Amino acid sequence: QVQLVESGGGLVQPGGSLRLSCAASGFTFNQYGMAWFRQAPGKGRDAVAAIGLKNSVTYYAVSVKGRFTISRDNAKNTVYLEMNNLKPEDTAVYYCNSHMDGSDYWGQGTQVTVSS
């Protein structure tokens, strides 16, 4: 059974930093790409960053490029999202995602709120 469990969200001031983690289980983690999505209130779920099987292949949405860094630790079955210089518009629920064999798997989400 695939499980994705996010952690690390919280309340942070503009310009601050947070590190999200997603612990994966129930599948062979090092054989699949991983991604982070986010959903702001009243909006759709958008891709933020993605990573291939190794840390050398990454994708970032334009809005976060240069501020966010996605990485993975295959020994710990964990994917991370380092978020720096956070802005109020980054406020959203952040979800971990894996697309496997034609299906999407999601975690429960972790709330990130950027506010002074």
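Predicted model only: the values in this text are computed from it and were never measured.
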Output for pair (Lys87 NZ, Thr91 OG1), nearest 0.5 Å, gives 12.5 Å
Find out whether the Lys NZ or Arg CZ of Arg19 is both under 6.0 angstrom from the six-membered ring centre of Tyr80 and within 45° of the ring's axis.
yes
Say you draw a straight line from SG of Cys22 to CD of Glu6; how long is it, rounded to the nearest 0.5 Å?
5.5 Å
Distance-minimising heavy-atom pair for Arg38 and Tyr94:
NH1-OH, 2.9 Å
Residues that Ser71 engages under side-chain hydrogen bond (donor to acceptor under 3.5 Å, both in side chains), provided they are two or more places apart:
none
With a cut-off of under 6.0 Å to the ring centre and 45° to the axis, is Arg67 in cation-pi contact with Tyr60?
no
Do Val79 and Ile70 touch side chain to side chain, with heavy atoms closer than 4.5 Å?
yes
Identify the heavy atoms of Gln108 and Leu4 that sit nearest to each other, and give their distance.
OE1-O, 3.6 Å
CG of Asp90 to OG of Ser115: how many Å apart, nearest 0.5 Å?
12.5 Å
Could you report the tightest heavy-atom contact between Phe29 and Asp73, atom names first, then the distance?
CE2-O, 4.0 Å
How are the rings of Phe37 and Trp106 set relative to one another: parallel (under 30°), tilted (30 to 60°) or perpendicular (over 60°)?
perpendicular
For the residue pair Tyr95 and Asn97, establish whether any side-chain heavy-atom pair is separated by less than 4.5 Å.
no
Using a 4.5 Å cut-off on heavy atoms from C-beta on, say whether the side chain of Pro88 contacts that of Pro14.
yes
The criterion is side-chain hydrogen bond (donor to acceptor under 3.5 Å, both in side chains); which residues satisfy it with Thr113, sequence neighbours excluded?
Gln111
Approximate separation, where rounding is to 0.5 Å, of Lys65 NZ and Tyr59 OH:
9.0 Å
If you group Ile, Leu, Val, Met, Phe, Trp and Tyr by side-chain heavy-atom gaps below 4.5 Å, do Met100 and Ile51 land in one group?
yes
Residues Asn84 and Ser17: side-chain donor-acceptor under 3.5 angstrom:
yes
List in chain and number order the residues that pass side-chain hydrogen bond (donor to acceptor under 3.5 Å, both in side chains) with Gln39, two or more places apart in sequence or in another chain; answer none if no residue qualifies.
Arg45
Linking I/L/V/M/F/W/Y whenever any side-chain heavy atoms sit under 4.5 Å apart, do Trp36 and Val2 land together?
yes
Do Thr110 and Leu20 touch side chain to side chain, with heavy atoms closer than 4.5 Å?
yes
For the pair Asn85 (side chain) and Phe68 (backbone), establish whether a donor and an acceptor sit closer than 3.5 Å, ignoring hydrogens and angles.
no
Close side-chain approach of Val112 to Met83, heavy-atom, < 4.5 Å:
yes
Looking only at heavy atoms, what is the nearest atom pair of Ser21 and Thr78, with distance?
CB-CG2, 4.3 Å
Between atom OG of Ser98 and atom CZ of Phe27, what is the distance when rounded to the nearest 0.5 Å?
4.5 Å
Criterion side-chain contact (heavy atoms from CB on, under 4.5 Å) on Leu18 and Leu86, from CA distance to verdict:
CA-CA 8 Å; Leu18 282 174; Leu86 283 160; 4.2 Å; yes
Would you compute the distance between atom CE of Met34 and atom CG of Asn77 and round it to the nearest 0.5 angstrom?
9.5 Å
